[in-house]
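Sequence lines set the chain letters: A, B, ... in the order given, protein chains first and strands last, and positions in each chain run from 1. When reading the values below, keep in mind they use all heavy atoms of this one structure, side chains included, and skip hydrogens, waters and symmetry mates.
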Number of protein chains: 2
Amino acid sequence: MNSSRPVTIKDIAKRFRCSPSTVSRALNDHPAINEDTRKNIQEYAKEVGYQRNEVSLSLLNKKTATLGVVVPTISNYYETAVIEGLHNVLQPMGYTLNICVTNESYLLEKEYLSKLLSNRAEGIFLSVSQETYDSGYYEHLEQVASRKTPLIFIDREYEDFETSRATVDDYHGAFAAVEHLITMGYKQIAHLKGPNGLTVSEQRFKGYKDCLIKHGMEVREELIINTNFKVESAILPTRRLLEMETPPDAIFGVNDQVAIGAMRVAKDKGLRIPQDMGLVGFDNSPISAYTFPSLTTVNRPGRKIGMEASRLFLSELNASGDYAHESIVLPSELIIRESSLRI
Amino acid sequence: MNSSRPVTIKDIAKRFRCSPSTVSRALNDHPAINEDTRKNIQEYAKEVGYQRNEVSLSLLNKKTATLGVVVPTISNYYETAVIEGLHNVLQPMGYTLNICVTNESYLLEKEYLSKLLSNRAEGIFLSVSQETYDSGYYEHLEQVASRKTPLIFIDREYEDFETSRATVDDYHGAFAAVEHLITMGYKQIAHLKGPNGLTVSEQRFKGYKDCLIKHGMEVREELIINTNFKVESAILPTRRLLEMETPPDAIFGVNDQVAIGAMRVAKDKGLRIPQDMGLVGFDNSPISAYTFPSLTTVNRPGRKIGMEASRLFLSELNASGDYAHESIVLPSELIIRESSLRI
DNA sequence: TAAATTTTTTCAAACGTTTGCATTCAATAT
DNA sequence: ATATTGAATGCAAACGTTTGAAAAAATTTA
C-alpha cells in the first residue's frame, strides 16, 4: 500500500535522523555533503519516489516557470500552430504553458487573466476575445501591466494598449489575394468577411476594399457578407451571393474554412472553378492544398508567430525595467493554386 | 510608478499597523473583524491591486486546483473537441487545465507527467504518445498511480494498465463504415490505416478486417497501407492503390484527413465519386460535410469524451480510496453522405 | 595531546497565507 | 469597584523547500 501523501524532505530526514537541510543538500548534490550520506539519501529518495514539491519552491523563489496562453479558441489550424511555436521555444527552457480558452467571452478572459496573476504566471500571451474587443474594456489588461508581468499580444490587438505584439500582415495578404483575382480577370469579387470588429477581419476587409479601389473597381456593399470563420457560416451567404442578379465571379473568403464552404455551394450550383468562379481563402491550412480544385490561399505563419512572440517575451523579461515594447509584423504570402488559376 | 513586486498581506498589515491575520480575515469577510477595519482594508487592497498569492495557498492547503491534460497533439479537430469537453465541465468547478502536448514523444510525455506531479496536479488526463505505446514502457505511469493521483486514459490506452478510461467505440464504427460500403456494392475495399500500434489505428483496422471476413470477402494485404493521420500521408498510398492491376473501388480512411487526401487523388485520376470509387472517413470533422462530394464518415463524440472523462475523474476524486476503475466506451455513429452513396 | 584545520551537519529564517487559541480592551452586569 | 462578558485583534504554527551562518565532529598538524 503506497502512501497517498507525497513523501517530503522531512520524512526522509526523519528516516535518516538528520535535518531537512542535509537531505535537501544531498538531493541537490551539494559538495559539503558526505559522499555516503548523499548516496544513501538519494537511493532512498528514489526508492520511495520522492519528488520535489515545486509549489513550495515557487513560493520561496517567487518563480513559477509558468506562462499563460489565453486564446479565444483552439479549434483552428492557425491557433494550434501558434501554440506549437510558443511550445517549441519555451518548453525547452523549462516553462510550462497554461493554455486558457476564452471562447470569445470577455468574462472568461478576465477570469483567466486574474487567475494567471494569482498563480503568479511570469508572462501572458493574449489573443483578445471578440467580446473584449467589442466592449472596449481593458481594465483587466491594466491589471496585468501594473504587475509588470510581460504581456504579449498575439494577432488580435488593442490598437491603443501599450505592449509588445506579434501579428501577421493581414492587410497586404488580403490585398495580394484580391489583386491576384483581378489579374486573373475576375470582375465582380465578393468578400465573405469575418466578424466585425476583430483586427483580422477588418484588416483583410480593408485589403480587399483598398485593392478594388486601387484598380478602379466598384465596391459593392451587397457583395460583402459576414461569417464567423466556420465552414457552415459560409453556406447561406454564398447562396445569397449566387442568387443575385449580377452575381460575383469570384469570392475572397476571410479564411480557408469559409472559402471551402463557398466552394461547395458553387459546385452544387454547377459552377466550374476556377472558370466560372474564382476562389481564394486565407490561412494555408493543410486541407487547402487537397481540396478539388486546390485552394488558392494566403499563408499565415502561425508557428513563426508563436516563436516571435516567445522572443518578445524573453527580451522583455531580460530587459531591466525600461523596456521599449516591440511590434513584430510577419509578412503573409499568397499561395496560388487551382481555385483561381484561370488561363 | 507601480511596484513590480506584488503587494502582499504583510504590506497591507504594515500600512494599517495591524497583524497579517487581521488583514487576511478582513479580506475574507471573517465575522470577527470590525466593520470599519474590514472596509478600510478591503478598499485599500483594491486600490493597490492586491491579489492573493495562490501559490502560498496551494502549499498550505495542499490543493492546487490544477489538472494535467497530456495529449500527443492539438492539431486535430478531435483532440480540441475533447479538450473543449473537459474544459466545459471542469473550468466552472474552478479547475485550471494544464495542457501539455507531447508530439508523440515518450520522453516529453514522461517529463510532463513528472512535472505535473511535481507541481502537484490533482489529476491527469492522458492520451499516451505513440512512442510510449510502441516502447511499452510505463514506469512513468506507475509513478502517477502510486501517488494516488487520479489518472484517466483518453482514447489511446494501455490494455494492461489499471485505471479509468474513456474511449470511443472505434471497432464498431469502422465495422459499420465498411459494412455500409459493402451494402453499397463495393467489392474491393482498401484501408488507409493509421500508425501501427495505436489503439485507434488497430481497432479501426480490426473492424475493417472483421467486417470483410464476416461478409466472406478477401482481405488483401496490399490494400492496407499505413498513413500518419495527415492529409499528405494519404497521397502516395492512394496513388499506389489506384495504379494496381486490380485497384480498389472503395477506400476506408482511418480519419477524414486521410479520406480527403484520397478523394483528391481519385478525382485527379478522373474517377467519379461515389460511382467509380467509394470513400469513407472517420471523425466527422466539420469540413467533412462540405467537401465535394461530401464525405461519409463516422462520428466521434470528442466533446462527450471530454465530459465523460471529467466525470470519471470527479467520481474517482470523491471515492474514498477503494475506487473501482471505470471504463466508458461511447458509441460511434456512421454518418452517410455523398461519397459512398451509390444508387 | 592540544590546537588548528577541514569536513559535515544543524539552526533559523524566509516565501505568503490561514487558523486555533490566547490576549487585549472596552462595555456591561453585579 | 470588580467581575463578567463580548468583540476585536495578535501570536504562532503550519505547508515544503533552500541557504547563509553557526556549530559540531572528524581529521591533521605541531
Item to check | Estimated bend of the helix from dT1(C)-dA30(D) to dT30(C)-dA1(D) (axis per five terminal pairs, rounded to 10 degrees) | outcome: 70°
Checklist entry - Partners of Tyr106(A) by ring-ring contact (aromatic ring centres under 6.0 Å, His included), sequence neighbours excluded? => result Tyr137(A), His140(A)
Checklist outcome for this item: Sequence neighbours excluded, the answer for side-chain contact (heavy atoms from CB on, under 4.5 Å) partners of Phe161(A) is Tyr138(A), Leu141(A), Glu142(A), Ala145(A), Leu151(A), Phe153(A), Tyr158(A), Thr163(A)
Donor-acceptor contacts, no H, no angles, side chain residues 115-123 of chain B, under 3.5 Å, sequence neighbours left out:
from	atom 1	to	atom 2	distance (Å)
Lys115(B)	NZ	Gly94(A)	O	3.0
Ser118(B)	OG	Arg52(A)	O	3.4
Ser118(B)	OG	Ser114(B)	O	3.4
Asn119(B)	ND2	Lys115(B)	O	3.2
Arg120(B)	NH1	Leu117(B)	O	2.9
Arg120(B)	NH2	Gln51(A)	O	3.1
Glu122(B)	OE2	Thr64(B)	N	2.5
Glu122(B)	OE2	Ala65(B)	N	2.6

Checklist outcome for this item: Those residues at least two apart in sequence (or on a different chain) that pass ring-ring contact (aromatic ring centres under 6.0 Å, His included) with Phe125(A) are Phe313(A)
Checklist entry - What's the shortest heavy-atom distance between Tyr50(A) and Val7(A), and which atoms? => result CD1-O, 3.2 Å
Checklist entry - Atom CZ of Arg38(A) to atom P of dT7(C): distance rounded to whole Å? => result 17 Å
Checklist entry - So which pairs with a foot in residues 20-31 of chain A pass side chain to side chain donor-acceptor pair (under 3.5 Å), sequence neighbours left out? => result Ser19(A)-Ser21(A), Ser19(A)-Thr22(A), Asp29(A)-Gln42(A)
Checklist entry - What residues, two or more places apart in sequence or in another chain, satisfy side-chain contact (heavy atoms from CB on, under 4.5 Å) together with Gln91(B)? => result Leu108(A), Glu111(A), Tyr112(A), His87(B)
Distances for protein N/O vs nucleotides 9-17 of chain D N/O pairs under 3.5 angstrom?
from	atom 1	to	atom 2	distance (Å)
dT9(D)	OP1	Thr37(B)	OG1	3.1
dT9(D)	OP2	Asn34(B)	N	3.1
dT9(D)	OP2	Thr37(B)	OG1	3.4
dG10(D)	OP2	Ser19(B)	N	2.8
dG10(D)	OP2	Ser19(B)	OG	3.1
dG10(D)	OP2	Thr22(B)	OG1	2.6
dG10(D)	O6	Arg25(B)	NH2	2.3
dC11(D)	N4	Ser21(B)	OG	2.9
dC15(D)	OP2	Lys10(A)	NZ	3.4
dC15(D)	O2	Leu60(B)	N	3.4
dG16(D)	OP1	Lys62(B)	NZ	3.0
dG16(D)	N2	Ser56(A)	O	3.3
dT17(D)	OP1	Tyr50(A)	OH	2.5
dT17(D)	OP1	Asn53(A)	N	3.2
dT17(D)	OP2	Ile9(A)	N	2.5
dT17(D)	O4'	Ser56(A)	OG	3.1

Item to check | Non-neighbouring partners of Thr132(B) that pass side-chain hydrogen bond (donor to acceptor under 3.5 Å, both in side chains), sequence neighbours left out | outcome: Glu109(B), Ser129(B)
Checklist outcome for this item: Atom CG of Asp36(A) and atom P of dT7(C) are separated, to the nearest Å, by 16 Å
